[in-house]
Amino acid sequence: MIRYRRPKQDDTVIFDLIEKQLVPLSHLPQTIINQVRKDLPRRLGQGVTLVACPDYESDPLGFVHFMLHGDLLYIDMLAIAPNARRRRYGNMLMDRAERFALSRACRRAKVSVDTGNTAGLAFYEKLGYSVARYQPQNYCYELEKQFI
């Protein structure tokens with residue numbers, strides 16, 4: 001099931017997913033990664049975070065954090081625990097985020113994927129995203145999707 005983040009219950013798991021699933025993919029310098037770590041509580045307080053879990057009371061198996069900027073849905077972070085992959089949690093989280101955005105008149109979506117994250121690129125491309133540009137300063141691809 002997909003539900004909204006409950007900070008007291010979910011944040012420890014979310015921070016662990018970020019540390020183990022997202023940080024190793026980053027090519028940013030350690031000083032910037034350390035600043036990002038410090039900024040995570042504030043960052044999660046902005047936008048919307050949805051979690052995937054087996055039932056309403058369970059700890060998250062994955063999460064998506066996103067923000068809306070005018071007609072743009074920006075997918076900030078998505079991570080799924082390794083033991084929960086290939087069970088459609090990522091698809092469900094993205095579907096819910098996109099439906100949320102559509103209900104608020106968003107017409108397009110963007111996400112950044114680190115260089116070398118071929119699984120992430122393939123995942124987003126399956127969902128209809130396409131590479132719009134490469135950002136060499138961040139070592140990542142920016143993908144976009146237009147909503148119909």
Side-chain angles (χ1 to χ4, degrees), residues 1-28 32-131 135 138-148:
M1 77 165 299
I2 306 299
R3 63 170 172 75
Y4 288 97
R5 162 185 166 248
R6 291 188 224 140
K8 288 182 182 176
Q9 177 181 346
D10 301 334
D11 281 2
T12 301
V13 176
I14 289 171
F15 294 154
D16 189 60
L17 285 168
I18 292 167
E19 196 64 40
K20 292 180 179 169
Q21 305 306 314
L22 301 180
V23 170
L25 298 170
S26 178
H27 298 282
L28 295 174
I32 294 176
I33 290 174
N34 289 340
Q35 184 57 46
V36 168
R37 283 184 181 111
K38 285 185 210 172
D39 198 40
L40 278 174
R42 185 193 62 76
R43 188 169 165 184
L44 288 176
Q46 299 174 335
V48 178
T49 305
L50 301 173
V51 299
C53 48
D55 57 67
Y56 192 76
E57 296 302 324
S58 297
D59 284 342
L61 298 170
F63 78 97
V64 63
H65 178 73
F66 59 92
M67 294 172 253
L68 306 180
H69 300 285
D71 73 344
L72 173 69
L73 163 65
Y74 179 72
I75 304 297
D76 183 35
M77 295 180 279
L78 171 74
I80 307 295
N83 63 341
R85 291 191 184 144
R86 311 219 42 93
R87 292 175 29 203
R88 304 200 45 82
Y89 287 118
N91 293 60
M92 289 188 289
L93 286 165
M94 286 298 295
D95 178 66
R96 186 67 63 90
E98 289 178 354
R99 286 192 290 132
F100 183 98
L102 281 165
S103 76
R104 284 150 179 87
C106 287
R107 301 175 56 116
R108 58 199 178 100
K110 284 187 181 182
V111 63
S112 294
V113 178
D114 290 295
T115 302
N117 184 358
T118 54
L121 281 172
F123 171 76
Y124 289 112
E125 287 174 343
K126 276 186 180 179
L127 295 179
Y129 288 76
S130 56
V131 175
Q135 300 173 333
N138 297 326
Y139 302 98
C140 65
Y141 294 95
E142 186 176 284
L143 286 81
E144 295 181 351
K145 178 179 179 176
Q146 299 294 319
F147 298 135
I148 298 171

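Residue numbers start at 1 and run along the sequence shown. If you're wondering where the values come from, they're calculated on a predicted model, not measured in any experiment. FYI, side chains are in, hydrogens and waters are out, and symmetry mates aren't considered; it's all heavy atoms of this structure.
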- For the pair His27 (side chain) and Cys140 (backbone), establish whether a donor and an acceptor sit closer than 3.5 Å, ignoring hydrogens and angles. no
- Task: Say whether, by atom type as modelled, one donor and one acceptor occur between the side chain of His65 and the main chain of Leu78 under 3.5 angstrom.
- Result: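 No, His65 side chain to Leu78 backbone: no donor-acceptor pair under 3.5 Å.
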Distance (rounded to the nearest 0.5 Å) between [X] [atom1] and [Y] [atom2]:
{"X": "Gln46", "Y": "Asp76", "atom1": "CD", "atom2": "CG", "result": "9.0 Å"}
{"X": "Ile14", "Y": "Gln9", "atom1": "CD1", "atom2": "CD", "result": "10.0 Å"}
{"X": "Phe147", "Y": "Arg108", "atom1": "CZ", "atom2": "CZ", "result": "10.5 Å"}
{"X": "Leu17", "Y": "Leu61", "atom1": "CG", "atom2": "CG", "result": "8.5 Å"}
{"X": "Leu50", "Y": "Tyr89", "atom1": "CG", "atom2": "OH", "result": "14.5 Å"}
{"X": "Phe66", "Y": "Leu93", "atom1": "CZ", "atom2": "CG", "result": "9.5 Å"}

Side chains of [X] and [Y]: does their closest heavy-atom pair fall under 4.5 Å?
{"X": "Leu44", "Y": "Met77", "value": "yes"}
{"X": "Val23", "Y": "Ile18", "value": "yes"}
{"X": "Leu121", "Y": "Asn117", "value": "no"}
{"X": "Ile2", "Y": "Asp95", "value": "no"}
{"X": "Leu73", "Y": "Leu68", "value": "yes"}
{"X": "Leu28", "Y": "Asn138", "value": "yes"}
{"X": "Ser26", "Y": "Ile33", "value": "yes"}
{"X": "Gln21", "Y": "Pro82", "value": "yes"}

Would you name the heavy atoms of [X] and [Y] that are closest together and state the gap between them?
{"X": "Val51", "Y": "Tyr4", "value": "CG2-O, 4.3 Å"}
{"X": "Ile75", "Y": "Ala97", "value": "CD1-CB, 4.3 Å"}
{"X": "Ser58", "Y": "Arg3", "value": "O-NH2, 3.0 Å"}
{"X": "Gly47", "Y": "Met67", "value": "CA-CG, 3.8 Å"}
{"X": "Gly62", "Y": "Ile80", "value": "CA-CD1, 3.8 Å"}

- Item | Test side chain to side chain donor-acceptor pair (under 3.5 Å) applied to Asp39 and Arg37, Arg43, Arg42, the passing residue |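 The side chain to side chain donor-acceptor pair (under 3.5 Å) with Asp39 is passed solely by Arg42 among Arg37, Arg43, Arg42.
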- Item | Residue that, paired with Arg5, satisfies side chain to side chain donor-acceptor pair (under 3.5 Å) out of Asp11, Asp10, Thr49 |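 With Arg5 as partner, side chain to side chain donor-acceptor pair (under 3.5 Å) holds for just one option, Asp11.
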- Item | NZ or CZ of Arg6 within 45° of Tyr56 ring axis and under 6.0 Å |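 Because its charged atom sits under 6.0 Å from the ring centre and within 45° of the axis, Arg6 does stack over Tyr56.
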- Query: Within 45° of the axis and under 6.0 Å from the centre of the six-membered ring of Phe100, does NZ or CZ of Arg104 qualify?
  - Reply: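 The answer is yes; both the distance and angle limits are met.
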- Message: Applying side chain to side chain contact (heavy atoms under 4.5 Å, CB included) to Tyr139 and Asp114, what does each step give before you reach the verdict?
- Response: CA-CA 6 Å; Tyr139 302 98; Asp114 290 295; 5.6 Å; no
- Item | NZ/NE/NH1/NH2 to OD/OE distance under 4.0 Å, Glu142 and Lys110 | yes
- Exceeds 12 heavy-atom contacts within 6.0 angstrom, atom CZ of Arg99: yes
- Residue set satisfying ring pair (Phe, Tyr, Trp, His ring centres under 6.0 Å) with Tyr124, at least two apart, ordered chain then number -> Tyr129
